[in-house]
Amino acid sequence: MIRSVEIKASVTQAATEAGFDLVGVAPVADAPELEYFPRWIAKGHAGEMKFMEALDERGRLKRASLAHAAPWARSVVVCAINYNTSQPYSTQESDRGRGWISRYAWGRQDYHDSVMLRLRQVEMSLQDACGTGDLVTRCYVDTGPIVERVVAKYAGIGWIGKNTCIINQQRGSWLFLGVILTSLELEAGLPTPDRCGTCTRCIDACPTEALIAPYQLDSNKCISYLTIEKRGALPQNDDLRSAMGRHIFGCDICQDVCPWNRKAPATDAADFQPREELINPALDWLAEISAEEFRRAFRGSPVRRTKRAGLRRNAVIAMGNSGDRKFLPMLGKLVTDEDEFVRKSAVWAIQKLNSTD
Ligand code: SF4
């Protein structure tokens, strides 16, 4: 165990040097928080995110247990880094002709890449400290068959809030997580106690009622899912579309209202500093963005995930929700757009604007 303590100290130091704000070790054990996962999938709450349903060779859901996904793993190093910037909170207060991109996507680089670069440094220090050729490690930033927030809780990074985000008492919830599965048995931290208490702000604030109960998210109603993961047509549900407001990529509402984020520190990491053009971008720019301009504007940005077609569709829906009739002429053109979902969204947006006082 002395060796394990030394290795953990060296990993902690490497994580700090790499720029992580928090680091901890979780045991490989089935946490009660994962018991919900098969039921969550069975109820269809993952929407069309088929990667959530990945199975191991015995037909078991990988994400339901680390024993399914990585039977060789003995512990998980969890690193967290703050991406909060000093930009103001503002989902809905901006000029109504502008949309909202979730703050995690404002940076100059895709966070998957910048967090992974840092994580590789920690992985190298683990391998150096271990000095054995038998060590197996795997690094993941959002891409692994693992529910990161659950291991983050058991590594002592924070608790899982009723909004389903990991929350740290000092740093709030604007955190990117990176995990290293390792075949090494390291001394684990203690799980963080839940500090949500009687608060229900996130549940009350969610405009689409996607938080169907404390700690339970129905992705099908979640603005982040709808604007990023949902391909093709958005659900034919007027209330849902209207409640999406002017969100064009992701949503920060359930974190913006969280009292634990009031004093969240701002990061000075250069790669997380916002690109001005991604804060409240003009909806008419995005609705008609060319393929070349999309590539240029979103090079290295997570916004590419929704693809140009998805971003244009979202911008058109947001125009409908803007209450700004100046968009009617452009929408009139877009009803004959080459993209089917832009066309259909434009029809909806015109009806919505015409029915708005
Ligand atoms: Fe928990 Fe309140 Fe934050 Fe929701 S808003 S995550 S209930 S503290």
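Indexing begins at 1, ligand by ligand and atom by atom, following the structure's order.
- Under 3.5 Å, the side chains of Asp271 and Tyr83 contain no donor-acceptor pair of N or O atoms.
- Counting heavy atoms of neighbouring residues, nucleotides and ligands inside a 6.0 Å radius, atom CG of Asp268 does not exceed 12 of them.
- In this structure, the salt bridge (charged side-chain N to carboxylate O under 4.0 Å, His left out) partners of Arg304, at least two apart in sequence or on a different chain, are Asp110.
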If you look only at distance, which donor and acceptor atoms sit under 3.5 Å apart when one is on a side chain in residues 35-49 and the other is two or more places apart or in another chain?
unit_1	atom_1	unit_2	atom_2	d
Tyr36	OH	Arg149	NH2	3.0
Trp40	NE1	Leu217	O	2.7
Glu48	OE2	Lys230	NZ	3.1

Would you be so kind as to tabulate the donor-acceptor pairs closer than 3.5 Å made by side chains of residues 140-148, with sequence neighbours excluded?
unit_1	atom_1	unit_2	atom_2	d
Asp142	OD2	Tyr111	OH	2.2
Glu148	OE2	Asp142	N	3.1

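- No side-chain N or O of Asp238 forms a donor-acceptor pair with one of Ser242 less than 3.5 Å apart.
- Around atom 1 (Fe) of ligand 1, the protein N, O or S atoms found under 2.8 Å comprise Cys196 SG.
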